[in-house]
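Structure record follows, encoded as structure tokens.
As the structure is a computational prediction, the values presented were derived from the model and not from experiment.
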Amino acid sequence: MLERVPTGIPGFDELCEGGLLRDRSYLVSGPSGSGKTIFAMQFIVNGIEHFNEPGIFVATEERPQHIREHFMSFGWDLEKFEDENMLAMVDATSTKIGLPSDERYIDVRPFDTRSLLDQIITIQDEIGAKRAVLDSTTSIGFTIDDLAKFRVELLKISTTMEILGLTSIMTCEVIEDGQDKISRFGVESFVVEGTIVLYYNRVENTRVRSIEIFKMRGTNHSKKIHPFEITNKGIVIYSREEML
Ligand SMILES: Nc1ncnc2c1ncn2[C@@H]1O[C@H](COP(=O)(O)OP(=O)(O)O)[C@@H](O)[C@H]1O
Ligand SMILES: [Mg+2]
């Protein structure tokens with residue numbers, strides 16, 4: 001039997017036989033504001049709080065200091081987890097936009113897969129993480145002008161995570177009214193074991209959030225689209241309800 005890693009996100013694990021497969025990589029796709037970063041961080045925080053599994057969060061779009069501040073509103077004290085060596089955040093944002101960073105882990109500019117992976121290997125030696133997040137693949141995609149190369153780089157990242165014993169989530173930002181709801185560059189979902197899609201659709205004059213497990217190898221997952229909400233404790237999925 002393959003081992004499952006519960007995300008601990010309310011309503012999610014029952015949609016997929018108890019969680020993600022250990023040491024595999026998953027893509028969480030959706031438009032801006034759909035909840036990708038929250039989903040990914042909730043997976044890390046639950047790992048720390050409920051399963052004693054340290055986590056790595058690579059932030060390519062927001063500076064770690066902002067992330068720490070934002071997530072305090074869910075009661076997640078990331079700085080405390082970092083002090084306890086249960087969480088490592090990699091600042092892959094500041095140098096990209098030419099700002100100095102006083103973070104402990106900083107990724108170099110321009111983006112280089114080898115140096116990111118070296119960084120993750122170093123962190124692994126220090127904290128022995130079990131879960132990892134790369135938020136997002138999209139900003140990496142924009143630095144590589146060749147799709148075939150981007151696909152290979154993502155494959156290197158997901159395979160290295162697997163070898164390091166990390167169950168990982170990579171996020172992917174899609175264009176709201178774009179053709180491809182699953183990925184931005186059309187290659188991201190090929191290098192992962194599963195793809196989870198977050199929707200944020202306009203229904204009359206409000207936006208409604210919903211989630212779909214689009215692909216999950218080795219898993220008899222729900223084929224329905226389920227509503228979810230972002231509450232002051234994070235994401236809550238209504239697994240017994242489905243979108244019409
Ligand atoms: N404390 C909160 N309560 C309810 N909704 C929130 C809260 N914090 C953030 N949100 C919602 O989450 C959205 C951001 O989610 P995020 O995961 O950053 O999206 P993405 O990474 O997909 O762009 C915000 O635009 C807001 O609608
Ligand atoms: Mg985000």
Side-chain angles (χ1 to χ4, degrees), residues 5 20-28 36-37 40-41 43-45 47-48 52-68 78-79 81-173 184-185 187-193:
V5 178
L20 310 178
L21 290 175
R22 172 128 353 247
D23 299 346
R24 301 293 199 275
S25 297
Y26 295 85
L27 194 70
V28 172
K36 302 180 295 295
T37 301
M41 187 61 90
F43 166 69
I44 295 286
V45 168
I48 296 168
N52 197 30
E53 297 192 343
I56 301 172
F57 193 97
V58 180
T60 72
E61 309 213 307
E62 287 170 87
R63 295 162 67 204
Q65 196 47 40
H66 283 184
I67 296 177
R68 291 184 192 102
L78 303 183
E79 207 166 334
F81 297 146
E82 292 177 277
D83 290 344
E84 295 167 348
N85 266 346
M86 291 298 285
L87 171 67
M89 286 214 273
V90 180
D91 183 356
T93 307
S94 298
T95 54
K96 194 173 73 180
I97 53 176
L99 288 173
S101 171
D102 52 13
E103 292 292 331
R104 183 158 163 204
Y105 305 107
I106 304 165
D107 197 45
V108 295
R109 154 181 181 256
F111 177 78
D112 173 60
T113 310
R114 190 64 251 166
S115 73
L116 174 66
L117 295 178
D118 284 345
Q119 182 81 261
I120 291 174
I121 291 166
T122 303
I123 293 171
Q124 241 350 33
D125 283 343
E126 292 176 16
I127 75 170
K130 294 284 179 201
R131 301 180 181 211
V133 164
L134 172 61
D135 186 32
S136 72
T137 60
T138 312
S139 53
I140 294 173
F142 282 118
T143 69
I144 303 172
D145 47 17
D146 175 352
L147 278 184
K149 179 159 193 294
F150 178 45
R151 182 171 168 164
V152 171
E153 297 307 299
L154 287 179
L155 188 60
K156 272 189 213 163
I157 295 171
S158 63
T159 308
T160 307
M161 301 257 213
E162 175 177 341
I163 292 167
L164 291 173
L166 292 163
T167 307
S168 63
I169 288 179
M170 306 199 276
T171 65
C172 174
E173 187 144 314
R184 180 62 166 265
F185 297 104
V187 299
E188 297 90 329
S189 63
F190 294 120
V191 304
V192 290
E193 295 291 306

ask   = Taking the six-membered ring for Trp, are the ring centroids of Phe142 and Phe185 within less than 6.0 Å of each other?
value =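 That pair passes the under 6.0 Å test.
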inquiry  = Would Ser136 and Arg184 count as a side-chain contact (heavy atoms from CB on, under 4.5 Å) here? Give the steps.
reply    = CA-CA 11 Å; Ser136 72; Arg184 180 62 166 265; over 6 Å; no
Could you report the tightest heavy-atom contact between [X] and [Y], atom names first, then the distance?
X      : Y      : answer
Ile127 : Pro54  : O-CG, 3.5 Å
Asp107 : Ser115 : OD1-OG, 3.6 Å
Leu78  : Met41  : CD1-CE, 3.6 Å
Ser101 : Ile106 : O-CD1, 3.5 Å
Ala132 : Phe43  : O-CE2, 4.1 Å
Leu21  : Tyr26  : N-OH, 2.8 Å

Supply the atom-to-atom distance [X] [atom1] to [Y] [atom2], rounded to the nearest 0.5 angstrom.
X      : Y      : atom1 : atom2 : answer
Asp23  : Lys130 : CG    : NZ    : 7.5 Å
Leu87  : Ile56  : CG    : CD1   : 9.0 Å
Leu155 : Glu162 : CG    : CD    : 9.5 Å
Met89  : Glu62  : CE    : CD    : 10.0 Å
Glu153 : Leu117 : CD    : CG    : 8.5 Å
Ile48  : Glu84  : CD1   : CD    : 8.5 Å

query = Should Glu79 and Arg68 count as an ion pair when the cut-off is N to O under 4.0 Å?
reply =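 No salt bridge links Glu79 with Arg68.
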ask   = Do Lys36 and Glu61 meet the salt-bridge criterion of a basic N to acidic O distance under 4.0 Å?
value =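 No salt bridge links Glu61 with Lys36.
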ask   = Are the side chain of Lys96 and the backbone of Thr60 linked by a donor-acceptor contact shorter than 3.5 Å?
value =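 Yes.
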inquiry  = Using only atom types and a distance under 3.5 Å, with no angle test, would you say the side chain of Thr138 pairs donor to acceptor with the backbone of Glu173?
reply    =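 Yes, because the side chain of Thr138 sits within donor-acceptor range (under 3.5 Å) of the backbone of Glu173.
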query = Under the criterion side chain to side chain contact (heavy atoms under 4.5 Å, CB included), which of Asp135, Val192, Val133 is the partner of Ile169?
reply =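 Result: among Asp135, Val192, Val133, Val133 is the only option passing the side chain to side chain contact (heavy atoms under 4.5 Å, CB included) with Ile169.
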ask   = Any side-chain heavy atom of Thr137 within less than 4.5 Å of one from Ile157?
value =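 Counting from C-beta outward, Thr137 and Ile157 never come under 4.5 Å.
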query = Side chains of Val5 and Glu53: does their closest heavy-atom pair fall under 4.5 Å?
reply =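 Counting from C-beta outward, Val5 and Glu53 do come under 4.5 Å.
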task = I would like to know whether Leu166 and Gln124 meet side-chain contact (heavy atoms from CB on, under 4.5 Å); could you show each step before the answer?
result = CA-CA 9 Å; Leu166 292 163; Gln124 241 350 33; 3.8 Å; yes
request  = Return yes if a side-chain donor-acceptor contact under 3.5 Å exists between Ser158 and Ser25, otherwise no.
outcome  =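 Checked: Ser158/Ser25 side chains show no N/O donor-acceptor pair below 3.5 Å.
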inquiry  = Set out, in order, the CA-CA distance, both residues' side-chain angles and the distance that settles side-chain contact (heavy atoms from CB on, under 4.5 Å) for Met170 and Val191, then state yes or no.
reply    = CA-CA 10 Å; Met170 306 199 276; Val191 304; 4.1 Å; yes
query = Under 6.0 Å from the CG atom of Asp146, do we count more than 12 heavy atoms belonging to anything else shown?
reply =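 Enclosed.
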message = Test side-chain contact (heavy atoms from CB on, under 4.5 Å) on Lys156 and Arg114; report intermediate values, then the result.
response = CA-CA 9 Å; Lys156 272 189 213 163; Arg114 190 64 251 166; over 6 Å; no
